[in-house]
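Structure first, commentary second.
Counting starts at 1 for both ligands and their atoms, following the listed order. If you're wondering where the values come from, they're calculated on a predicted model, not measured in any experiment.
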Amino acid sequence: VPEIGCLSIIVLGASGDLAKKKTFPALFHLYCQGFLPPIEVHIFGYARTKISDDELRNRIRGYLVSERSASPSKDVSKFLQLIKYVSGSYDAAEGFQMLDKEISKHETSKNSLEGSSRRLFYLALPPSVYPSVCRMIRRYCMNKSNLGRWTRIVVEKPFGRDLGSAEELSSQIGELFDEPQIYRIDHYLGKELVQNLLVLRFANRFFLPLWNRDNIDNVQIVFREDFGTEGRGGYFDEYGIIRDIIQNHLLQVLCLVAMEKPVSLKPERIRDEKVKVLQSVLPIKDEEVVLGQYEGYRDDPTVPDHSNTPTFATIILRIHNERWEGVPFILKAGKALNSRKAEIRVQFKDVPGDIFKCKKQGRNEFVIRLQPSEAMYMKLMVKQPGLEMSTVQSELDLSYRQRYQGVTIPEAYERLILDTIRGDQQHFVRRDELKHGRFSRLFYIELTTVK
Ligand code: BG6
């Protein structure tokens, strides 16, 4: 573990759901693996609720322990001791001045390396307060930009409701912070098999000649959940499945599946290629969109009685370029379905001049299962073992659990938070990706409601 100098991680919205369920547990796992050395790192929670340090620690405690933490109780207590709490509002100077004072205290303590203080602000907050919080940070909590010092902010989707509001939000934050300081999290970019897409596509001779319209019939990117809104109806109903899942998570996956090879692995070069994919997506046709709402959605007390927000959507995107012309990218997402799964299915065309008449048995297909149980498998035709010369569809299967026994796959948030500390923006969404990923007609007008 490299020496990281003095690092302050400030979780704003510390008493909220995202912080409890994702941010603090991810920090805890990083801590357990030695990425957050206690001498150098301090963690601050900030929120409006007036509670003590211990009350915050008690609220978080129950979320830290999972089957992944090896020696929970000892580590949990030590980790919790790193956390201090400051309460204040999101739009007034007082709280942020207090926060700055608290952060500065440990930055000047004798253990800090002079001149190396770093401040990471994680906004586990609704986007409506981003502008005021960013203003307050800028005004009262900025690190002086001496050598070795930095201030970074981490924000979460949804970034606005439509192209206009997204651009407005981007400009408001952009006036206060430079792009290299802004980390827009899309946690799908932190998933193991999403990160594997670049390697798979560009480090394997197998795929290079096949990955195009001549060989691929269609690509399906599917997200299903077997639970509904579960108390998150207030948020969900305002955004719907398209803004919650498709416009960000699935679109990011689509970019990685469809993009050209970047000239290098530099974050900017990768993001340049993703933007080109987004710029090549054609306008979506009405008849290529299906929306639905699960039965019982409106029974959730946090959902308005007459809501027509979709909880299910299938959308076909078409990419107008040399590689993908004519290949439908079918994006499907739904809540409260019969299973939980996220996967990419690449379906190949039929074999020309098929002498085995195997068409009916199914096509070649390459499946990348993001979750649960990460796996990649290739469906292919083989001879049915035995005396007859008949064919059967079988699988070449790489199941991570079997192949990488004993290896723990990091949680998406854990990996992404570590990237923010290291200053690696490869797996974060750049401002222009946001802009070009908003096919305004689709995401923001009539299609976002169930008729
Ligand atoms: C979030 C959505 O971004 O992703 C949730 O807001 C959804 O509605 C969640 O449940 C799914 O994440 P994962 O990692 O469990 O697939």
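Ranking the protein heavy atoms by distance from atom 16 (O) of ligand 1 puts Y188 OH, 2.4 Å first. Of the protein's non-hydrogen atoms, H187 NE2, 3.1 Å is the one closest to atom 12 (O) of ligand 1. Of the protein's non-hydrogen atoms, the one nearest atom 8 (O) of ligand 1 is D244 OD2, 2.6 Å.
Which of K157, E225, K22 comes nearest to atom 9 (C) of ligand 1 through a heavy atom is settled by distance: it is E225.
At a 4.0 Å heavy-atom cut-off, ligand 1 touches R340 through the side chain alone. With a 4.0 Å cut-off on non-hydrogen atoms, F236 does not touch ligand 1 at all.
In summary, D244 and K157 engage in a salt bridge, as defined by a charged side-chain N under 4.0 Å from a carboxylate O. Using a cut-off of 4.0 Å between Lys/Arg side-chain N and Asp/Glu carboxylate O, E260 and R323 are scored as salt-bridged. By the 4.0 Å N-to-carboxylate-O rule, K435 lies too far from D432 to be salt-bridged with it. The existence of a salt bridge linking E225 and R340 is excluded, since no basic side-chain nitrogen approaches an acidic carboxylate oxygen closer than 4.0 Å.
For ligand 1 and H249, the ligand atoms under 4.0 Å from any heavy atom of the residue are 1 (C), 3 (O), 4 (O). The distance from ligand 1 to the heavy atoms of K335 drops below 4.0 Å at these ligand atoms: 5 (C), 7 (C), 8 (O), 10 (O). Shown in contact with F223 at under 4.0 Å from a heavy atom are these atoms of ligand 1, numbered in order with element: 11 (C), 16 (O). Listed by number with element, the atoms of ligand 1 under 4.0 Å from a non-hydrogen atom of K191 are 13 (P), 14 (O), 16 (O).
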| said: Set out, in order, the CA-CA distance, both residues' side-chain angles and the distance that settles ring-ring contact (aromatic ring centres under 6.0 Å, His included) for Y31 and F35, then state yes or no. | reply: CA-CA 5 Å; Y31 168 81; F35 287 108; over 10 Å; no
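Among R431, R430, R184, the one residue that satisfies the salt bridge (Lys or Arg N to Asp or Glu O under 4.0 Å) test with E179 is R184.
With hydrogens and angles left out, the side-chain atoms of H29 and E411 include no donor and acceptor closer than 3.5 Å.
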